[in-house]
Amino acid sequence: MRFSKFLIYTLREDPKDAESISHKLMIRAGLIYKEESGLYGYLPLGLRVYNKVVSIVREEMNKAGAIEALPTILTPASIWKESGRLDVMGKEMIRIKDRRDGLLVLGPTHEEAFTDMVRRTINSYKQLPITLYQIAKKFRDEIRPRFGVMRCREFTMKDAYSFDIDEKGLDESYLKMRQAYINVFKRVGLNALPVEADVGSMGGTRSEEFMVLSSLGEALILYCPKCNYYANIERAESIIQENTEEEEEKPLQEVDTPNVYTIEDLTKFFNTSPKKFIKTLVYLADNTPIVVLIRGDLDVNETKLKNYLGCIELELASNEIIEKVTNAPLGFAGPIGLSNVRIIADNSIKNIKNGITGANKKDKHLVGVNIGRDFVVEEFAEIRSAKAGDKCKICGETLKETKGIEVGHIFKLGYKYTKSMNVTVLDKDGKRIHPIMGCYGIGIDRTIAAIIEVNNDENGIVWPITVAPFEAIVIPISTKDPKLIDISEEIYNSLIKERIDIAIDDREESVGVKFNDADLIGIPFKIIVGKKLLDEGKIEVKRRDNGETVTIPLPEAKKKIIELILEEYKKYS
RNA sequence: CGGGGCGUAGCUCAGAUGGUUUAGAGCGCAUGCCUUGGGAGCAUGAGGUCCCCGGUUCAAGUCCGGGCGCCCCGACCA
């Protein structure tokens with residue numbers, strides 16, 4: 001590609017409305033432009049990267065035996081009604097009325113669409129297992145789009161859906177996809193770790209997110225440095241120190257605690273450990289108040305609680321509702337004497353002896369509280385957040401935390417969609433069975449942003465060669481010297497013939513501009529044709545990643561450049 | 001939806017207490033000359049509904065009211 005004929009739009013300064021490194025660099029290098037908040041278009045240069053990522057994903061999907069299809073992006077509301085997600089997905093889903101007042105949905109994800117495709121075309125167990133996929137646009141009206149292409153309202157996703165006749169089949173399909181994902185991320189130069197994740201509104205039994213560790217990540221991850229347990233905080237489990245003290249049960253007693261109600265203040269006031277407290281929280285689960293009990297030093301994991309309750313909306317109750325439920329202002333709630341409300345206790349309070357809790361009266365707490373004797377808990381559940389410093393549930397090592405960018409997500413979905421949408425095939429015995437599903441997504445745009453986020457320096461992007469917009473660029477030092485131009489053109493043309501993805505910067509610009517643009521854009525190799533070296537019959541190749549330079553005699557140039565490029569590819573295979 | 005910041009040329013920004021009538025700079029863009037080993041130099045030129053609407057005033061980019069948009073933090077989110 002000739003730069004003089006291409007669309008190169010580079011900026012010297014950071015755009016003012018970009019904060020993250022990848023966002024700034026994508027704009028500055030002229031990969032994308034912003035149409036509106038959360039809506040980005042790809043410029044020709046960015047599209048080259050995009051297409052390379054897409055190709056790699058497609059190759060690995062095909063290699064894993066998945067079959068590409070293309071359902072409609074505009075989907076009828078009816079299929080969402082069938083699955084029950086028309087309401088669950090809420091405002092995130094972009095809805096459109098057509099001229100006949102029919103409701104259509106711009107697909108935010110495609111479980112329903114693919115399930116419908118399979119329902120229309122697959123009737124026999126002999127056609128299973130099958131994994132279908134597409135690489136297409138998704139639409140989500142995000143509350144807050146951010147970091148450029150990282151979280152936006154229109155984006156490209158590769159989404160795949162597996163259909164199997166039984167769970168064993170699903171396990172195999174899942175593992176195949178999992179391996180394909182590992183391959184994809186390796187090839188695009190990302191170190192993406194599979195991390196145990198919550199299944200969220202997708203439903204299902206097992207799920208893993210592929211996370212690129214980065215401070216920009218929106219997900220908090222707990223991990224064990226010893227046994228490599230990685231889990232999203234929403235899902236992570238851990239071992240905490242239990243209350244083991246053997247104590248005689250003391251009598252229940254009310255204590256004045258004027259204006260003391262945070263756990264921190266209470267700990268000081270009573271001069272004891274936060275582990276002695278039974279924290280009482282009031283939540284609204286789909287608008288019904290519930291009470292949650294948890295040990296004073298721990299936090300409720302709202303994802304776990306939501307999953308346990310099976311509710312759609314969960315939020316902390318307002319002060320008015322707390323007062324209504326507990327008859328006491330915020331900070332003095334306790335389990336004793338509560339009636340007409342569902343109480344769920346985290347397992348952490350089981351062994352608290354002579355605990356302390358609110359008295360459901362202003363400025364009063366109760367001490368000597370004992371479960372069973374003073375109040376009864378009917379529901380115990382594991383709804384506590386694991387946190388850094390807890391012990392690993394597998395090996396006992398201390399857990400640490402880090403942040404990650406979610407670039408892929410794989411789920412064992414189960415029967416949620418095939419049952420709700422009534423998909424059946426006949427099995428060997430002529431009996432109708434529901435296939436079992438898995439689903440698997442890779443965010444293409446987010447993958448690109450993540451690659452930049454971890455591969456950049458003060459001069460710009462440093463692409464892995466597998467996804468770079470060009471593998472190499474020829475830069476003639478002068479735009480006037482006919483000899484330099486001729487040699488540059490010759491090298492350029494000869495490499496095109498060898499199917500190298502090469503560019504030539506034939507713009508009327510100073511070399512400084514060309515070097516800086518090539519660096520900003522992140523092209524792995526610069527082939528520099530300069531006067532002095534050319535007089536000795538040599539050219540120069542400079543690496544983008546570490547700046548190393550090799551000089552090559554002209555007759556060997558083509559062969560040597562191809563070698564360098566092929567060698568580079570090996571790092572990502 | 002709460003908190004904070006911002007909105008002037010394609011980009012990044014300057015324009016105090018309203019007042020040189022033609023609103024500026026750097027970069028970019030166009031033309032010419034000159035130059036080419038890390039964002040060169042000189043000259044000339046094009047380019048603006050100062051986010052929008054309303055108000056105050058003899059006079060508003062500047063003050064007041066309302067709205068819209070963008071970014072960040074939080075809440076939220078396959």
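These numbers come from the heavy atoms of this one structure, side chains and all, not from hydrogens, waters or symmetry mates. This is a predicted model, so every value here is computed, not measured. By convention in this document, chain letters (A, B, ...) are assigned in the order of the sequence lines, proteins followed by strands, and residues within each chain are numbered from 1.
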Between [M] and [N] - [atom1] atom distance, rounded Å:
| N | M | atom1 | answer |
| --- | --- | --- | --- |
| A30(B) | A9(B) | C1' | 15 Å |
| G48(B) | C33(B) | P | 28 Å |
| G26(B) | G66(B) | C1' | 36 Å |
| C58(B) | G18(B) | C1' | 12 Å |

Provide, to the nearest angstrom, the distance between the [atom1] atom belonging to [X] and the [atom2] atom belonging to [N].
| X | N | atom1 | atom2 | result |
| --- | --- | --- | --- | --- |
| Phe147(A) | C72(B) | CZ | C1' | 8 Å |
| Glu302(A) | C77(B) | CD | C1' | 13 Å |
| Lys514(A) | A40(B) | NZ | C1' | 14 Å |
| Arg28(A) | G28(B) | CZ | P | 14 Å |
| Arg144(A) | G2(B) | CZ | C1' | 12 Å |
| Arg507(A) | U36(B) | CZ | P | 19 Å |
| Ile143(A) | G2(B) | CD1 | P | 13 Å |
| Leu39(A) | C71(B) | CG | P | 10 Å |

* To do: Give the C-alpha distance, both sets of side-chain angles, the deciding distance and a yes or no for side-chain hydrogen bond (donor to acceptor under 3.5 Å, both in side chains) between Ser214(A) and Glu453(A).
  => CA-CA 8 Å; Ser214(A) 158; Glu453(A) 204 62 42; 4.8 Å; no

* Asked: Is any side-chain N of the basic residue among Asp171(A) and Arg178(A) closer than 4.0 Å to the acidic one's carboxylate O?
  ->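 The answer is no: the pair does not qualify as a salt bridge.
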
* Asked: Do Lys5(A) and Asp506(A) sit within salt-bridge range, that is, some charged N less than 4.0 Å from a carboxylate O?
  ->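 Asp506(A) and Lys5(A): not salt-bridged.
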
* Asked: Can you tell me if the side-chain N/O atoms of Lys306(A) get under 4.0 Å from OP1 or OP2 in C76(B)?
  ->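 False: Lys306(A) side-chain N/O out of range (4.0 Å or more) of C76(B) OP1/OP2.
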
Measure distances between side-chain N and O atoms of [X] and base N and O atoms of [N], and say whether any donor-acceptor pair falls under 3.5 Å.
| X | N | result |
| --- | --- | --- |
| Arg151(A) | C77(B) | yes |
| Thr479(A) | U36(B) | yes |
| Glu540(A) | G37(B) | yes |

* **Option among Lys34(A), His23(A), Arg153(A) that satisfies the side-chain hydrogen bond (donor to acceptor under 3.5 Å, both in side chains) test with Tyr40(A)** =>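 Passing option: His23(A).
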
Nearest listed nucleotide, side chain of [X], among [options]:
| X | options | answer |
| --- | --- | --- |
| Asp517(A) | U35(B), G39(B), C70(B) | G39(B) |
| Lys480(A) | C70(B), U35(B), G38(B) | U35(B) |
| Arg12(A) | G28(B), C77(B), G37(B) | G28(B) |
| Ser37(A) | C71(B), C76(B), G38(B) | C71(B) |

Using atom types as modelled, flag every donor-acceptor pair under 3.5 Å from a side chain in residues 484-491 of chain A to any protein atom, sequence neighbours excluded.
unit_1	atom_1	unit_2	atom_2	d
Ser488(A)	OG	Leu484(A)	O	2.7
Glu489(A)	OE1	Arg2(A)	NH2	2.7
Glu489(A)	OE2	Arg2(A)	NH1	3.0

What does [X] touch in the nucleic acid at a heavy-atom separation under 4.0 angstrom: a base, only the sugar-phosphate, or nothing?
| X | result |
| --- | --- |
| Lys91(A) | nothing |
| Glu209(A) | nothing |
| Asp519(A) | base |

* **Sugar-phosphate or base contact per nucleotide [nucleotides 3-14 of chain B; S, B, -; heavy atom under 4.0 Å]** => -----S-S-SS-

* Asked: Distance-only, no hydrogens or angles: does the Lys158(A) side chain make a donor-acceptor pair with backbone N or O of Tyr440(A) under 3.5 Å?
  ->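 At least one qualifying donor-acceptor pair exists.
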
* Asked: Do the side chain of Arg543(A) and the main chain of Phe525(A) share a donor and acceptor less than 3.5 angstrom apart?
  ->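 Here the side-chain-to-backbone pair does not exist.
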
* Asked: Taking the six-membered ring for Trp, are Phe114(A) and His110(A) parallel (under 30°), tilted (30 to 60°) or perpendicular (over 60°)?
  ->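 Perpendicular.
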
* To do: For residues 512-521 of chain A, pull every pair meeting side chain to side chain donor-acceptor pair (under 3.5 Å), keeping only residues two or more places apart or in separate chains.
  =>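 Listed by first then second residue: Thr10(A)-Asp517(A), Arg507(A)-Asp517(A), Asp519(A)-Lys526(A).
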
* Asked: Going by heavy atoms closer than 4.0 Å, what residues in residues 523-532 of chain A are next to RNA chain B?
  ->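 Under 4.0 Å from RNA chain B: Lys526(A), Ile528(A), Gly530(A).
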
* Asked: Where each pair must be Watson-Crick or G-U wobble with both distances under 3.5 Å, what dot-bracket representation of RNA chain B is obtained, with crossing pairs in [ ] and other-strand partners as |?
  -> (((((((..((((.....[....)))).(((((.......))))).....(((((..]....))))))))))))....

* With Tyr181(A) via ring pair (Phe, Tyr, Trp, His ring centres under 6.0 Å) - residues at least two apart ->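 By the ring pair (Phe, Tyr, Trp, His ring centres under 6.0 Å) rule, Tyr181(A) matches Phe210(A).
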
